[in-house]
Each structure stands twice: as structure tokens, then as C-alpha cells.
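To start, the structure itself, in C-alpha cells.
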There are 2 protein chains.
Amino acid sequence: MEECYKALGDKTRLRILALLRTEELCVCELTDILDMSQPAISQHLRKLKTAKLVKEQRKGQWMFYSLDGSLYPFLEANLLALPDLGQEIEKLKASGRKVCCD
Amino acid sequence: MEECYKALGDKTRLRILALLRTEELCVCELTDILDMSQPAISQHLRKLKTAKLVKEQRKGQWMFYSLDGSLYPFLEANLLALPDLGQEIEKLKASGRKVCCD
DNA sequence: TCACTATATAATCATATGCTTATATGTATG
DNA sequence: CATACATATAAGCATATGATTATATAGTGA
């Protein structure tokens with residue numbers, strides 16, 4: 001449980017979770033939206049994955065991450081309390097940088 | 001919100017919160033139960049207070065701390081999810097080291 | 001297979017965190 | 001007022017954390 005809160009205790013990771021509230025995203029999209037280096041994003045995602053807050057799924061060359069609320073049910077309310085950053089994803093789509101692979 | 005989760009992301013602070021679930025306690029009681037130095041406990045309590053997770057109230061020479069769930073209502077569920085450490089407080093009472101000041 | 005893109009990992013470094021010791025502040029009581 | 005007890009704060013130090021750069025791994029497609 002400590003590890004879980006540690007994972008939540010970082011602004012970048014909270015932003016990632018807030019973004020994943022809207023829809024699953026791959027690493028390069030998160031890198032793009034959050035304007036951070038790819039390794040930095042990867043390392044944050046690893047922490048979130050270790051804490052069982054997100055799950056990953058490969059789609060071709062992209063690795064998509066999405067919320068995983070299975071570990072502690074009460075955490076669901078915490079995730080819902082995060083601000084809606086759907087607008088950031090809209091901007092990404094508008095700029096034509098959204099990955100499509102379905 | 002980041003600060004709040006940071007405060008939750010430490011084993012000692014989670015234990016303090018779990019203990020305060022049962023009843024308010026003063027610094028020396030927490031020091032006793034958690035078997036840590038007084039300054040260490042004080043510093044953890046300050047972080048919890050800054051994060052608005054606990055509130056303090058002076059009673060004579062003792063400073064009592066109790067849960068403060070007012071900042072983020074959804075956090076209440078998190079606090080309730082902490083294990084019940086009432087037994088530790090019982091042990092303290094049984095050993096005659098519980099502070100009485102009412 | 002080779003080049004390209006996406007992602008993960010490793011090494012390094014600056015900063016943050018948590019504990020310790022020492023000291024200051026605050027309150028009760030003789 | 002002086003002493004004792006409770007708590008807070010400051011300084012110092014070892015470890016943890018988060019970023020960067022460089023490199024390794026993995027999938028795509030010519």
C-alpha cells in the first residue's frame with residue numbers, strides 16, 4: 001500500500017493517470033503531451049505498473065498503457081478525483097500526432 | 001494533491017494514520033508505540049499536518065493529533081482501508097503508559 | 001537482412017527524504 | 001522562579017528519487 005501511494009506522490013505520474021482516465025495512450029503520446037524525455041516517461045510508467053496502477057498492452061510497435069484499478073478498489077475514487085485532461089488528448093489528435101493502430 | 005499522496009507514501013506515516021483511526025494520540029504515545037525517536041515522529045506529524053491529513057490540539061503539556069478528512073472527501077475511504085491497529089493502543093493502556101488528561 | 005521507429009534499461013548526477021543528535025520552545029508544578 | 005516533562009526545530013548525513021545521456025531491445029517494412 002505504501003508503494004501505491006508513493007507511486008501517486010509525483011506530479012508527472014498523477015498527470016499520466018489523469019490522461020489515462022480518458023483513454024489508453026502509448027509512451028510516445030505521453031512523451032508528446034507531457035513534453036518530457038522518453039526515458040523519463042518510461043521510468044514513471046514502470047513505477048505505476050509495479051504499483052499495479054496501470055497495465056500495458058502491446059499493439060504492434062507501440063506499448064499502450066491504461067488504468068488498472070484492480071488492486072485496491074477504494075483507489076478508484078482517487079483516480080476519478082483527478083482532473084479531466086481529455087482536452088490535452090484532443091489537442092494531440094487535432095495536431096495529427098495521435099497514434100492509430102486498431 | 002501530490003503533497004497529500006506524498007504524505008501517504010511512507011510506512012511510518014501510514015501506521016500513524018492507522019493508529020489515529022482508533023483514537024487521537026499524543027506524540028509521546030506514538031513514539032512509544034512505534035518505537036521511534038521523538039523528533040522522527042514530530043517530523044512525520046508535521047508532514048501529515050501540512051498535507052491536512054491530521055489536525056492537532058493541545059491538551060495541557062501534550063499535543064494530541066487526530067485524523068482530518070476534510071481536505072479531500074474521497075480520501076476517507078483510503079483511511080478506512082488502513083488496518084485496525086487498535087490492539088497496539090490496548091497494549092499501551094495495559095502497560096499503563098497511556099496519557100490521561102481529560 | 002537492413003534501416004527506422006518505439007520502448008526499455010543502465011549509468012550518472014543533483015535534489016529530496018528520513019533519521020540522528022543537539023538545542024530551543026512551551027507548559028506544569030514545586 | 002526553577003526544574004522537569006513534552007514537543008518542535010535545526011544541522012548533518014546516508015539513502016532514495018527523478019532527470020539526463022547513452023545504449024540495448026523489439027517490432028515494421030523495404
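In what follows, every heavy atom counts, from backbone to side chain, and hydrogens, waters and symmetry copies are set aside. Keep in mind that this is a model prediction, so the values were computed, not measured. Below, read A as the first sequence line, B as the second, and so on, with proteins coming before strands; counting in each chain starts at 1.
Remark: P of D/dT28 and CZ of A/Arg58 are 8 Å apart, rounded to the nearest angstrom. Rounded to whole Å, atom C1' of C/dA16 lies 13 Å from atom CG of B/Asp10. Straight-line distance from the CD1 atom of A/Ile16 to the P atom of D/dG18: 11 Å, rounded to whole Å. Atom CG in B/Leu45 sits about 15 Å away from atom C1' in C/dC19, given to the nearest Å. Atom C1' of nucleotide D/dA6 and atom CD of B/Gln61 are separated by 6 Å, given to the nearest angstrom. Atom CG of B/Leu30 is separated from atom P of C/dC19 by 13 Å (rounded to the nearest Å). In this entry the distance linking NZ of B/Lys11 with P of D/dA16 reads 13 Å, nearest Å. Across the protein-nucleic acid pair, A/Glu24 atom CD and C/dT7 atom P stand 12 Å apart, rounded to whole Å.
Residue order along DNA chain D, read from the 5' end via each residue's closest nucleotide, puts B/Tyr65 first among A/Gly9 and B/Tyr65. With DNA chain C read from its 5' end, the first of the two nearest nucleotides for A/Lys6 and A/Glu56 is the one closest to A/Glu56.
Contact annotation: B/Lys47 reaches the phosphate of C/dG18 (side-chain N/O to OP1 or OP2, under 4.0 Å). At the phosphate of D/dA8, neither OP1 nor OP2 sits under 4.0 Å from any side-chain N or O atom of B/Arg46. Not one side-chain nitrogen or oxygen of B/His44 sits closer than 4.0 Å to the OP1 or OP2 atom of C/dT17. Within the structure, a side-chain polar atom (N or O) of A/Ser37 is placed less than 4.0 Å from OP1 or OP2 of D/dT20.
With D/dT7, D/dT17, D/dA19 as the candidates, the nucleotide lying closest to the side chain of A/Gln43 is D/dA19. Proximity note for A/Pro39 (side chain, C-beta onward) versus D/dT20, D/dA8, C/dC19: the nearest is D/dT20. Closest to the side chain of B/Thr12, out of C/dT27, C/dC19, D/dT20, is C/dC19.
At a cut-off of 3.5 angstrom, the base of D/dA8 holds at least one donor-acceptor pair with the side chain of B/Gln38.
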Given side-chain contact (heavy atoms from CB on, under 4.5 Å), test B/Lys98 with B/Glu23 step by step and report yes or no.
-> CA-CA 12 Å; B/Lys98 183 81 179 69; B/Glu23 65 184 80; 3.2 Å; yes
Does the pair B/Glu2 and B/Lys6 meet the rule for a side-chain contact (heavy atoms from CB on, under 4.5 Å), with working shown?
-> CA-CA 6 Å; B/Glu2 180 196 3; B/Lys6 266 203 170 74; 2.8 Å; yes
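Within 6.0 Å of CD on A/Glu76 lie no more than 12 heavy atoms contributed by other residues, nucleotides or ligands.
Shown are B/Lys91, B/Arg97, B/Lys93; of these, the side-chain hydrogen bond (donor to acceptor under 3.5 Å, both in side chains) with B/Ser95 is made only by B/Arg97.
Between B/Tyr5 and A/Tyr5, the ring-plane angle classifies as parallel under the 30° and 60° cut-offs.
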